[in-house]
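First comes the structure, then the notes that go with it.
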Amino acid sequence: MSTASWMPSASVGSPSQKSQTYPRTIPMTEPENPKTPPVPPNPSVKPEAESPGRPSEVQKSEQELVRADKYRRLIEAGVDPFPHKVERTHSVLDLVDAYAGKTAEELEPAPVRTVVAGRMMSVRLMGKAAFFHISDGRARIQVYIRKDKVGDEAYERWKLLDIGDILAVEGALFKTRTGELSVLCDSFTFLAKCLHPLPEKWHGLQDVEIRSRRRYLDLIMNPEVADVFRLRSAVISWLRRFFDGRGYIEVETPMMQAIAGGAMARPFVTHHNALNMDLFLRIAPELFLKRLVVGGLEKVYEINRNFRNEGIDSEHNPEFTMLEFYEAYRNYDDMMEMTEEIFCGLCRDLLGKDEFPYGDRVISLKRPFRRVKFREALAEGSGLPSEAFDDRPRIIKLAEGLAPEKKPVTYGKALDIIFDKHVKEKLVQPTFIVNPPKEVSPLAKSALGEPAEAARFELMVAGMELANAFSELTDPAEQKARFEHQAEEKRKGNDETHPIDLDYVQALEYGLPPTGGEGIGIDRLVMLLSNRRSIREVILFPLLRPREDQ
RNA sequence: GGGCCGAUAGCUCAGCUGGUAGAGCACCGCCCUUUUAAGGCGGGUGUCGCGGGUUCGAAUCCCGCUCGGCUCACCA
């Protein structure tokens with residue numbers, strides 16, 4: 001939303017003019033605007049507070065008109081509408097942490113003076129005095145304002161504030177009769193007007209759509225939402241410390257790529273005008289990171305966005321954050337060790353325990369995690385005997401029955417389908433699914449002694465795939481053959497294939513040392529640790545269709 | 001993209017087989033100087049998501065659309 005046209009310009013509120021009468025009537029009706037809605041019949045609202053001029057030409061509600069009018073009266077009373085700064089002595093959290101535990105007797109002899117600022121979240125007005133709470137997002141504190149303390153003029157001006165307004169309060173700390181830490185207000189400073197009513201104090205903001213579209217409102221009303229994003233930030237900095245401490249370097253590889261490789265997914269297409277070429281937003285950084293390992297950067301990691309042009313649901317957002325890391329002279333067994341260290345370390349350091357709830361289950365992150373071969377997991381989850389998986393036509397037929405729209409179904413793909421349908425959701429406790437079929441892993445080495453299997457694992461927790469790692473395929477000829485096989489699959493109508501990247505093959509021809517690589521989906525990791533069932537709860541601004549009225 | 005469900009006051013929600021919309025909070029007026037979901041008295045502030053249709057009459061029934069949720073497909 002652009003700046004509201006009815007807002008006073010900066011000069012209007014400048015200090016030199018602050019004692020003058022506000023020179024403009026507010027709000028201004030644009031005379032040529034025939035859509036200006038009729039004035040609602042409300043005798044309590046002054047006529048000049050009506051006829052809104054919001055750029056969107058959306059009619060203001062009664063409460064918005066009241067707020068706009070109070071704001072105008074504040075400015076007319078000489079209040080700077082946009083002050084530059086306020087010197088706080090404490091954050092709200094500072095005060096609560098330091099003094100909430102003190103008794104009235106401890107506070108009284110030497111009252112602590114404070115200047116504290118926040119958003120007014122509730123008001124209890126009692127004639128010549130009032131209590132209200134202010135919040136700065138991390139904590140809230142009560143303020144007691146008395147007419148005989150601040151003076152008649154200031155008290156009347158305070159009454160022009162609404163729930164949602166931001167102000168600074170100066171005064172001394174005390175405890176009320178009921179024992180609540182409070183600030184006895186000597187004076188206050190207006191800092192920002194909230195021109196819209198806030199959601200209800202008791203139920204708050206529930207509407208999932210509004211919570212995502214106007215995340216700021218969600219954050220104002222639902223403090224636990226901010227906790228999720230603080231946790232997300234802590235997860236990412238923990239991971240950076242982890243890798244930095246092990247001699248990894250953090251790198252950034254292209255977001256815009258001529259060939260969208262490193263995974264099998266549909267990319268977004270964009271266009272470069274000067275080069276007159278289409279480019280793809282990356283679906284994975286993998287092939288670039290391994291080029292760096294070829295170049296001698298033996299330990300690299302990247303935490304960044306990937307973009308996949310696929311469906312949206314509670315586990316998928318078109319842009320999502322991925323950690324990928326590669327270490328030379330390692331294999332996937334080493335990556336399994338590291339994965340355990342990462343998950344258990346995060347849990348221990350950020351949650352302070354090795355168990356936590358997820359939905360109606362308790363997830364227990366204790367080393368070592370269970371390790372199950374892909375085929376054994378299939379047998380376990382599907383109820384079929386292990387030998388049944390040697391009967392290839394039978395397995396393909398079974399998979400075709402489970403997912404009739406997926407053609408052609410190869411043996412490897414059939415195993416994948418059965419896994420997704422029968423096994424995945426049963427894997428609640430952390431489980432490494434080891435050695436999936438090679439043909440769905442075109443960038444991984446074959447498992448030692450098992451040519452049909454990939455030297456790869458996926459970590460499943462709470463039915464979600466949290467990590468995916470393998471011993472990287474380093475043989476350029478083999479890699480080229482795998483790419484060509486993918487292209488052949490594509491010609492057969494399989495749209496889940498990896499594109500040929502001959503430049504990457506050339507990099508391999510210079511020699512990629514044995515390398516272990518892994519990807520961890522940050523969004524899902526945060527979902528897990530914060531007990532959120534939807535990816536939209538851990539992404540500040542998830543993709544939504546735009547709305548005209550927003 | 002398919003199926004199911006939803007959209008009513010600023011917010012959270014009621015509203016039956018069709019008869020011109022209600023509650024709590026918020027808001028407005030009055031009273032109230034230690035309240036805390038403050039309290040008392042008075043006031044409903046609405047394009048019932050949008051557009052058609054049926055009907056004497058539609059929030060309600062039918063059709064189309066928009067946005068969202070769940071789910072299936074796709075994907076991580």
Side-chain angles (χ1 to χ4, degrees), chain A residues 37 40-45 58-67 69-70 104 121-133 140 142-149 155 162-164 174-180 182 184 194-213 217 221 262-267 283-284 306-322 402-406 416-417 420-421 424 458 460 464-468 495-496 519-525 527 533-536 544-550:
Chain A
N42 180 357
S44 64
V45 177
V58 173
Q59 181 173 359
K60 282 182 182 170
S61 70
E62 181 209 7
Q63 297 195 37
E64 288 167 330
L65 293 173
V66 167
R67 282 166 182 258
D69 185 56
K70 283 187 179 177
M121 298 303 290
S122 63
V123 178
R124 290 169 295 285
L125 176 65
M126 293 170 300
K128 296 180 183 63
F131 289 94
F132 58 96
H133 275 94
R140 58 174 63 194
Q142 180 168 262
V143 181
Y144 183 36
I145 186 167
R146 300 168 55 122
K147 194 173 189 173
D148 61 5
K149 184 84 177 167
Y155 192 72
D162 290 297
I163 288 174
F174 76 106
K175 283 271 178 130
T176 62
R177 204 172 278 165
T178 51
E180 176 164 353
S182 305
L184 178 57
C194 179
L195 291 159
H196 303 280
L198 290 185
E200 196 220 346
K201 63 184 172 189
W202 199 239
H203 298 92
L205 180 63
Q206 305 283 336
D207 186 293
V208 181
E209 184 178 351
I210 299 176
R211 287 188 46 226
S212 296
R213 284 187 196 281
L217 248 196
M221 296 309 299
M264 290 180 276
R266 301 209 316 262
I283 58 173
N306 288 346
F307 307 87
R308 298 193 184 175
N309 205 340
E310 309 281 358
I312 298 175
D313 62 32
S314 58
E315 286 179 33
H316 299 86
N317 194 59
E319 51 178 315
F320 62 102
T321 302
M322 192 82 163
L402 287 169
E405 65 294 328
K406 281 199 188 185
D416 236 21
I417 290 167
D420 283 348
K421 298 275 184 188
K424 205 174 159 180
E458 295 181 325
M460 306 294 302
M464 292 189 290
E465 185 191 325
L466 267 289
N468 176 22
D495 51 3
E496 280 178 51
I520 295 178
I522 298 297
D523 311 281
R524 290 183 182 172
L525 176 58
M527 283 170 68
R533 308 294 249 300
S534 168
I535 200 167
R536 286 180 294 273
L544 293 172
R545 281 197 159 89
R547 290 189 70 126
E548 284 176 22
D549 59 332
Q550 296 276 329

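Labels below follow one simple rule: chain letters A, B, ... track the order of the sequence lines, proteins then strands, and each chain is numbered from 1. Since the model is a prediction, treat every value here as computed from it, not as a measurement.
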Does B:A7 pair with anything, Watson-Crick or G-U wobble, both distances under 3.5 Å, and if so, with which nucleotide? B:U66

Measure from the side-chain heavy atoms of A:R524 and tell me the nearest of B:A76, B:A37, B:C32. B:A76

For A:R545 and B:C67, is the shortest distance between a side-chain N/O and OP1 or OP2 below 4.0 Å? yes

Give me the distance, rounded to whole Å, that separates B:C61 from B:U54 when you measure between the C1' atoms they each carry. 8 Å

Between B:C11, B:A76, B:U34, which one does the side chain of A:R177 approach most closely? B:U34

Nearest nucleotide by nearest heavy atom, which residue falls closer to the 5' end of RNA chain B, A:S122 or A:P197? A:P197

Expressed in angstrom and rounded to an integer, what is the separation of A:D148 atom CG from B:U34 atom P? 11 Å

A:G311 near the nucleic acid: base, sugar-phosphate alone, or nothing, with a heavy-atom cut-off under 4.0 Å? base

Give the nucleotide from the list B:C28, B:U33, B:C11 with an atom nearest to the side chain of A:I210. B:C11

Using both distances under 3.5 Å as the test, list the Watson-Crick or G-U wobble partner of B:G1, or none. B:C72

Please classify the nucleic acid contact of A:L198 as base, sugar-phosphate, or nothing, using heavy-atom distances under 4.0 Å. nothing

Counting side-chain heavy atoms from CB outward, which of B:G68, B:A76, B:U45 is closest to A:E62? B:U45

Note, A:M527 side chain near A:R533 side chain (heavy atom, < 4.5 Å): no

Would you say that A:I535 contacts A:E315 through its side chain, given a criterion of any heavy-atom pair below 4.5 Å between the two side chains? no

Once you apply a heavy-atom cut-off of 4.0 Å, does A:D416 come out as touching a base, just sugar-phosphate, or nothing? nothing

In whole angstrom, give the distance that lies between atom CZ of A:F131 and atom C1' of B:C32. 13 Å

Heavy-atom side-chain contact between A:L217 and A:L198 under 4.5 Å: yes

Validation row: A:P318, A:I312 side chains within 4.5 angstrom (heavy atoms): yes

Value rounded to 0.5 Å, distance of CZ in A:R308 from CG in A:N317: 12.5 Å

Look at the side chain of A:R124 and the base of B:U35, then say whether one donor and one acceptor between them are separated by less than 3.5 Å. yes

Does A:R67 put a side-chain nitrogen or oxygen below 4.0 Å from OP1 or OP2 of B:C27? no

Looking at every strand, decide which applies to A:Q63 at a 4.0 Å heavy-atom threshold: base, sugar-phosphate, or nothing. base

Determine the Euclidean distance between corresponding C1' atoms of B:G19 and B:G15; express it in Å to zero decimal places. 14 Å

Taking atom C1' in both B:C13 and B:A26, what distance in whole Å separates the two? 14 Å

Determine the interatomic distance between C1' on B:G22 and the same-named atom on B:U60; round to the nearest Å. 15 Å

Does B:C70 have its OP1 or OP2 closer than 4.0 Å to a side-chain nitrogen or oxygen of A:R536? yes

Closest nucleotide of RNA chain B for A:H203 versus for A:N306: which of these residues is on the 5' side? A:H203

Integer-rounded Å distance: B:G10 C1' and A:D207 CG: 13 Å

Taking only the P atom of each, what is the distance from B:C25 to B:G44 in whole angstrom? 16 Å

Separation of B:U33 P from A:K149 NZ (nearest whole Å): 17 Å

Could you tell me whether the phosphate oxygens of B:U34, OP1 or OP2, come under 4.0 Å of any side-chain nitrogen or oxygen in A:K175? no

Phosphate oxygens OP1/OP2 of B:C67: is one of them under 4.0 Å from a side-chain N or O of A:R213? no

Quote, to the nearest angstrom, the P distance that separates B:G10 from B:G3. 33 Å

Grab the CG-P distance between A:D69 and B:C28 for me, whole Å please. 10 Å

Is there a side-chain contact between A:K128 and A:D148 in this structure, where contact means two heavy atoms from C-beta onward sitting under 4.5 Å apart? no

In whole Å, what is the span from the CD atom of A:Q206 to the P atom of B:A7? 16 Å

Can you check the A:E64 CD to B:A9 P distance for me, whole Å? 13 Å

Same-atom distance (P) from B:U34 to B:C28, integer angstrom: 22 Å

Identify the nucleotide, in any strand shown, that forms a Watson-Crick or G-U wobble pair with B:U60, with both distances under 3.5 Å; if there is none, say none. none

With sequence neighbours left out, the residues meeting side chain to side chain contact (heavy atoms under 4.5 Å, CB included) with A:Q142 are A:R124, A:F131, A:H133, A:T176, A:E180, A:S182

Base, sugar-phosphate alone, or nothing: which one does A:M264 contact when heavy atoms must sit under 4.0 Å apart? sugar-phosphate

Is there side-chain contact between A:R67 and A:H196, with heavy atoms separated by less than 4.5 Å? no

Listed nucleotide nearest any side-chain atom of A:P199, set B:U35, B:C11, B:U34: B:C11

Rounded to whole Å, the CD-C1' distance (A:E465 to B:A76) equals 6 Å

With hydrogens left out and only the distance checked, is there a donor-acceptor pair under 3.5 Å joining A:Q142's side chain and the base of B:U35? yes

Using a cut-off of strictly less than 4.0 Å, decide whether A:R308 has a side-chain nitrogen or oxygen near OP1 or OP2 of B:A76. yes

Taking the C1' atom in each of B:C50 and B:G68, what is the distance between them to the nearest angstrom? 15 Å

Heavy atoms under 4.0 Å, any strand shown: does A:G519 hit a base, just sugar-phosphate, or nothing? nothing

Please evaluate the base of B:U45 for a donor-acceptor partner in the side chain of A:S61 within a cut-off of under 3.5 Å? no

Partner of B:A26 under the Watson-Crick or G-U wobble criteria, both distances under 3.5 Å, comes out as B:U45

Side chains of A:T321 and A:D523: does their closest heavy-atom pair fall under 4.5 Å? yes

Closest to the A:S314 side chain, choosing from B:U71, B:A76, B:U34: B:U71

From B:C28, B:G10, B:U34, pick the nucleotide closest to the side chain of A:E200? B:G10

Verify the stacking flag for A:F320 against B:A76: centroid separation must be under 5.5 angstrom and the ring planes must differ by under 30 degrees. yes

